[in-house]
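Naming convention: chains lettered A, B, ... in sequence-line order (proteins, then strands); numbering from 1 in each chain.
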Amino acid sequence: MAEQIKGWDRNQMAARAAEELQDGWYVNLGIGIPTLVANYVGDKDITLQSENGMLGMGPFPLEGDEDPDLINAGKQTITELKRTAYFDSATSFGMIRGGKIAAAILGAMEVAENGDLANWMIPGKLVKGMGGAMDLVAGVGRVIVVMDHTNKHGESKVLKSCTLPLTGKAVVDRIITNLGVLDVVEGGLRIVACADGVTEAELRAATEATIV
Amino acid sequence: MKKIYGSAQEALDGLLFDGMFIAAGGFGLCGIPELLLAAIKDAGTKDLTFASNNAGVDDFGIGILLQTRQVKKMIWSYVGENAEFMRQYLSGELELEFNPQGTLAERMRAGGCGIPGFYTKTGVGTVIADGKEHKDFNGQTYILEHGIVADLSIVKAWKADETGNLVFRKTARNFNPPAAMCGKVCVVEVEEIVPTGSLDPDHIHLPGIYVHRIIAGAHEKRIEQRTTRKREDA
C-alpha cells in the first residue's frame, strides 16, 4: 500500500459527526470516538441518552466526586445535569426500540455499501457481545458510523459486504471516517465530503465498496 | 408477612438448588446484588443459569461464581472485562446465550408481566434471528423473543420500606426492576431499610408486590472505570 493518507484525526471526526446533530435531538453516543462528539455540539440543545438508564448525561466528574451509582454505558463515571432523568433498562430500550431517540453515533469494525454494520464480534478471537448496539441500530431514527476508513493493515473497512457477524442489516445512514463522509444510497455509497487534504481519488482508492 | 431477613444467607434459605435459573440486576459493577452473589458462592449451589447483562469482573459480581465453576450458562449481552469468562467460553466450559441488551431487559419485563413472547426488530438479519419466528407488521420484519421467568431474582436497590417498596439511586437502577419482576421469588439487598410510610408513595420505583425478602447491608460498590476531570480545568 502507498503511504498512509491521514485526513481527519479523532477529534476532527468527532467534530464532523457533531454537525449531524440537530437542535432538540435526543442522541445516543457509542464508546470511543463517538463519545468525543459531546465536546463539539456547541450551542445546540442536545440531550444525551446513556442506555443503562439515563437521559441528560453530563461530563466526567471532578476528581474526588466520582459516584459508583452514576456511570455511562461504557462503565465510566459521569455526572448528571439539571435536566437528567433516570429509568430502568426496559424503559431505556423502550425509548430506543420505539424510535424516540433521533440518532445513534457508533463505531464499527466493518460497514457495507448496503448499510450492513458489524461491530460486536470476531469469531474465535474476540467476544465482546453486542450490548445495546443491535437494539440501537434497529430502533433509532438515524444511524451514523464514525470509524477509521482502513484497518491497521491498511485494508478498507468500507466494504462491498461485511465478513464479520452483523450487528444490523441495512441500518447505516451515514459513514464518517478519517478520509471523508459517505451516505448509503441506492446502489452503493455516495461521497458527501472528503476530509481536509484528502482527494476524491484517494477516498475512492481506499474504499472497497461501490461508490455511485 | 415478614419480608426482612437478618443476612443474605438467611434470605436465601430454602430458595437455592442445583441447576436453577437466576435473574440478576446490575449493569457492569453498578447496582449489582453483591451481598447475595457472595452468599450464593458460599452456599456452593451448582450448574446455575444466570440472566444478567454482564458477568462482572474476575473477582467481583458474577465473576466470583465463574471462578468457583458454579455457573453453567450465561444469558447476557456484554462480557466486559472478565478474563476468566472469556477463557471458560473459548474452552467450551461455559454455555452462552447472546441477547441484545434491550431484548434481554424486555424479556425480563415481559416474563414478569405475564407476556410469554413479543416481536422486535432488534437482531433481524443477524445470527440472533437464526431459528426464531419472523413476522411482518406494516411492511417491516420482526422476530419473536420469549419472556423470561426465573426461579429466583436477586437485585440491589438503594432503599426499601418494610413492605418491600423500593427506591433506586441514579444509574444503579438499570436491570434491577425488570430482573425483580421476572422471578418467581425475588430477594432484594438494600443499603437502608426505612420505616413503612417514610417513602413518598409517588416516588416508589418498584412496588413491594414484586419483593419477597429484603436484607440491608454495607456495599463495596466498586467502580469499574474511574474517569474524571482535573479540578484546575473546571
Side-chain angles (χ1 to χ4, degrees), chain A residues 50-54 57 59-80 84 86-97 99 116-118 120-121 124-139 165-171, chain B residues 27-31 53-54 76-81 85-86 89-90 96 98-106 108-110 120-128 158 168-179 181 205-206 219-231 233-234:
Chain A
S50 191
E51 67 264 25
N52 53 320
M54 179 184 201
M57 180 167 50
F60 293 153
L62 296 174
E63 287 167 319
D65 289 347
E66 307 92 317
D67 184 340
D69 288 338
L70 183 44
I71 63 168
N72 63 17
K75 324 273 169 36
Q76 298 170 314
T77 47
I78 48 162
T79 54
E80 64 187 21
T84 295
Y86 298 111
F87 34 83
D88 66 69
S89 299
T91 306
S92 183
F93 283 92
M95 65 185 72
I96 290 168
R97 206 183 296 105
D116 287 359
L117 168 69
W120 74 282
M121 79 173 294
K125 275 192 191 163
L126 173 71
V127 195
K128 287 201 311 175
M130 70 289 287
M134 284 191 180
D135 310 90
L136 281 160
V137 299
L166 296 184
T167 307
K169 186 136 194 75
V171 292
Chain B
F27 181 94
L29 301 180
C30 180
N53 189 59
N54 311 90
W76 68 298
S77 91
Y78 198 83
V79 60
E81 312 304 320
F85 181 103
M86 283 290 282
Y89 169 61
L90 293 172
L96 287 186
F98 293 104
N99 273 209
Q101 192 174 142
T103 294
L104 180 59
E106 188 63 14
M108 291 181 180
R109 196 198 71 84
T120 177
K121 267 195 289 189
T122 302
V124 171
T126 75
V127 293
I128 292 304
W158 183 33
F168 299 90
R169 187 170 176 275
K170 303 185 188 289
T171 56
R173 193 181 319 183
N174 58 59
F175 272 80
N176 283 296
M181 292 166 73
H205 295 142
L206 190 75
H219 286 76
E220 177 184 341
K221 299 211 282 187
R222 195 182 293 185
I223 290 176
E224 196 163 345
Q225 297 224 33
R226 191 177 295 273
T227 44
T228 58
R229 285 176 292 155
K230 290 205 180 301
R231 289 196 175 264
D233 297 344

Please identify, among [options], the residue contributing the most non-hydrogen atom pairs under 4.5 Å to chain A.
options                      : answer
B/Ala105, B/Gly125, B/Pro100 : B/Pro100
B/Met181, B/Arg222, B/Lys121 : B/Lys121
B/Asn99, B/Leu29, B/Val127   : B/Asn99

Go through the steps for B/Glu224 and A/Gln76 under the test side chain to side chain contact (heavy atoms under 4.5 Å, CB included), then give the verdict. CA-CA 7 Å; B/Glu224 196 163 345; A/Gln76 298 170 314; over 6 Å; no
Are [X] and [Y] side-chain neighbours, meaning at least one heavy-atom pair lies under 4.5 Å?
X        : Y        : value
A/Glu66  : B/Thr228 : yes
B/Gln101 : A/Phe93  : yes
B/Arg229 : A/Pro61  : no
B/Tyr78  : A/Lys75  : yes

Counting only non-hydrogen atoms closer than 4.5 Å, does [X] touch chain B with its backbone (N, CA, C, O), its side chain (CB onward), both, or neither?
X        : answer
A/Ala73  : both
A/Thr167 : backbone
A/Glu51  : both
A/Leu70  : both

Could you look at [X] and say if it's the side chain, the backbone, both or neither that has a heavy atom under 4.5 Å from chain A?
X        : value
B/Tyr89  : side chain
B/Arg109 : side chain
B/Asn176 : neither
B/Ile128 : side chain

Apply side chain to side chain contact (heavy atoms under 4.5 Å, CB included) to the pair B/Thr126 and A/Met134, showing each step before the final yes or no. CA-CA 9 Å; B/Thr126 75; A/Met134 284 191 180; 3.7 Å; yes
Closest approach of [X] to [Y] (non-hydrogen atoms, all atoms of both residues):
X        : Y        : value
B/Phe98  : A/Met130 : CB-CE, 3.5 Å
B/Arg173 : A/Asp88  : CD-N, 3.8 Å
A/Asn72  : B/Phe27  : O-CE2, 3.9 Å

Quick one: of [options], who has the most non-hydrogen atom pairs under 4.5 Å with chain B?
options                             : value
A/Gly74, A/Pro68, A/Ala138, A/Gly53 : A/Pro68
A/Gly129, A/Gly131, A/Ala90         : A/Gly131
A/Met54, A/Met121, A/Arg97          : A/Arg97
A/Ala118, A/Ser89, A/Ala133         : A/Ser89

Rounded to the nearest 0.5 Å, what separation is found between the [atom1] atom of [X] and the [atom2] atom of [Y]?
X        : Y        : atom1 : atom2 : result
A/Asp135 : B/Leu104 : CG    : CG    : 9.5 Å
A/Tyr86  : B/His205 : OH    : NE2   : 11.0 Å
B/Gln225 : A/Phe60  : CD    : CZ    : 9.0 Å

Using atom types as modelled and distance alone, determine if a side-chain donor or acceptor of B/Thr227 lies under 3.5 Å from a backbone N or O of A/Thr77. yes
Could you tell me whether the side chain of B/Thr171 and the main chain of A/Asp69 form a donor-acceptor pair under 3.5 Å? yes
Electrostatic pair A/Glu63:B/Arg231 at N-O distance under 4.0 angstrom: no
Salt bridge flag under 4.0 Å for residues A/Asp67 and B/Lys221: no
